[in-house]
Amino acid sequence: MAKIAFIGLGNMGGPMAANLIKAGHEVCVFDLVAEMVKALTDQGASSAGTASEAAVGKDFIISMLPAGKHVESVYLADDGILNVLDKNAVVIDSSTIDAATTQKVAAKATELGVKMMDCPVSGGVAAAKAGTLAFMCGGTEATFAEVKPILEAMGKNIFHAGDNGAGQIAKMCNNMLLSIHMIGTAEALQLGADNGLDPKVLSEIMLSSSGRNWSLEVYNPYPGVMENAPASNNYQPGFMVNLMCKDLGLAMEAADASDSSTPLGALAQSLYKAHAAEGNGKMDFSSILQWLKSK
Ligand code: NAD
């Protein structure tokens, strides 16, 4: 079993660290918020006073932080993690951040002889708790072979997307597409309802027709159609509008940098931004249906 430091114990990191403990790994945790740390020490983790202290002497360092600036400071600051690691340590950053920051941290890690992989996830809090996340990994084949058994304690589908940064690119492409088919699904269901159709019946028809997609299949945005979907629970997240805005921002930055044409991604971003600007940032992203309905 491995010695693991886990940094960032929020909605996602907390249950991911708990699954590593359940799998029998020795886990040392750090978060800026004491109650997050306590939730994990209650489940058998040890804790440290700083991220770097947690990382000393560990085989794997896993981080699950809000954004690129947090990842950069935790690893690259003068007292950051990269300066305290053993040469055989492996860094796994599972935060969703821009590929450029990931590549910057990976370049410094390589310079210091440390291996790093970007391993962002898809699946949300429910999958983090159930240990069924999808991981999209960027780094060398050899590092992928080392991290895979560790990720298997937290996830079900584990992909090697390519070199450093490729995991983040895969994640932003996926979430851009998710935003587009969620908006499309919401529009179609509301159009049907406005024209007298029962959204449940319309959902069944489209699920057996060419409109079938993930939003319709497991995350129906129309209230009451799917018992366990956020739409049937006042759009409690789930996956927040604010996080979708963040991911679309990353996708649009990447599209600019690569001169890619993403008109639907840009439109989805403007709709989600407008939704968030009306005070709905903390609602589940499927609430875009309510916003469309209100226009
Ligand atoms: P969160 O805000 O719940 O948790 C982040 C945690 O990081 C907090 O506990 C915070 O205290 C801690 N933190 C911040 N700066 C820190 C630092 N310098 N040192 C130590 N701890 C620090 O966020 P989350 O929902 O767990 O998301 C984490 C990442 O996962 C984000 O990048 C997000 O985009 C991504 N993600 C989230 C979901 C989701 O459904 N919530 C799904 C997929 C991916």
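Atoms within a ligand are numbered from 1 in the order they appear, just like the ligands themselves. Only heavy atoms go into these numbers, but all of them, side chains included; no hydrogens, no water, no symmetry mates.
Leu65 O, 3.9 Å is the protein heavy atom nearest to atom 28 (C) of ligand 1. For atom 12 (C) of ligand 1, the nearest non-hydrogen atom of the protein is Asp31 OD2, 3.2 Å. The nearest heavy-atom contact from the protein to atom 23 (O) of ligand 1 is Asn11 N, 4.6 Å. The protein non-hydrogen atom at the shortest distance from atom 26 (O) of ligand 1 is Met12 N, 2.9 Å. The single protein non-hydrogen atom nearest to atom 14 (C) of ligand 1 is Pro66 CD, 3.7 Å, given as residue, atom name and distance. Here the heavy atom of the protein found nearest to atom 18 (N) of ligand 1 is Val74 CG2, 3.6 Å. The closest protein non-hydrogen atom to atom 4 (O) of ligand 1 is Gly10 CA, 3.2 Å. The single protein non-hydrogen atom nearest to atom 35 (C) of ligand 1 is Thr96 OG1, 3.6 Å, given as residue, atom name and distance.
When every heavy atom of Ala170 is checked against every heavy atom of Ala161, the shortest pair comes out as CB-CB, 4.3 Å. Of all heavy-atom pairs between Val241 and Tyr272, the closest is CG1-O, 3.9 Å. Nearest approach of Ala153 to Leu20, heavy atoms of both residues: CB-CD2, 3.9 Å.
Using modelled atom types, one finds a donor on one side chain and an acceptor on the other under 3.5 Å when comparing Tyr219 with Asp284. The closest side-chain donor-acceptor pair between Ser52 and Thr50, if any, does not fall under 3.5 angstrom. A donor atom on one side chain and an acceptor atom on the other are not found under 3.5 Å apart for Thr185 and Tyr222. Side-chain atoms of Glu217 and Asn213 include no donor-acceptor pair closer than 3.5 Å. His70 and Ser95 share no side-chain donor-acceptor pair at under 3.5 Å.
Between His160 and Phe144, the ring planes are parallel. Angles under 30° get that label, and only those over 60° would be called perpendicular.
The pair Glu111-Lys108 counts as a salt bridge, with a side-chain nitrogen and a carboxylate oxygen less than 4.0 angstrom apart.
Here Met240 has no heavy atoms under 4.0 Å from ligand 1, in either its backbone or its side chain. By the criterion of a heavy-atom distance under 4.0 Å, neither the backbone nor the side chain of Ile97 is placed next to ligand 1. Using a 4.0 Å cut-off between heavy atoms, Lys171 contacts ligand 1 through its side chain alone, with no backbone atom that close.
When distances from atom 2 (O) of ligand 1 to the protein are checked, no heavy atom turns up under 4.0 Å. Under the 4.0 Å distance rule, the nearest protein heavy atom to atom 30 (O) of ligand 1 falls inside the cut-off.
Proximity to Phe239 (heavy-atom distance under 4.0 Å) selects the following atoms of ligand 1: 40 (O). The ligand atoms of ligand 1 that sit less than 4.0 angstrom from a heavy atom of His70 are 15 (N). Atoms of ligand 1 lying under 4.0 Å from at least one heavy atom of Phe30, given by number and element, are 19 (N), 20 (C). In summary, the atoms of ligand 1 found under 4.0 Å from a heavy atom of Lys246, numbered by their order in the structure, are 31 (C), 32 (O), 33 (C), 34 (O). Numbered from 1 in the order shown, with element, the atoms of ligand 1 that lie under 4.0 Å from a heavy atom of Ile7 read 20 (C). Residue-ligand proximity, Val33 to ligand 1, at heavy-atom distances under 4.0 Å covers atoms 11 (O).
For Glu278, the salt bridge (charged side-chain N to carboxylate O under 4.0 Å, His left out) partners at least two apart in sequence or on another chain are Lys295.
Two residues are said to be in side-chain contact when any heavy atoms from C-beta on lie closer than 4.5 Å; Ile158 and Glu152 meet this criterion.
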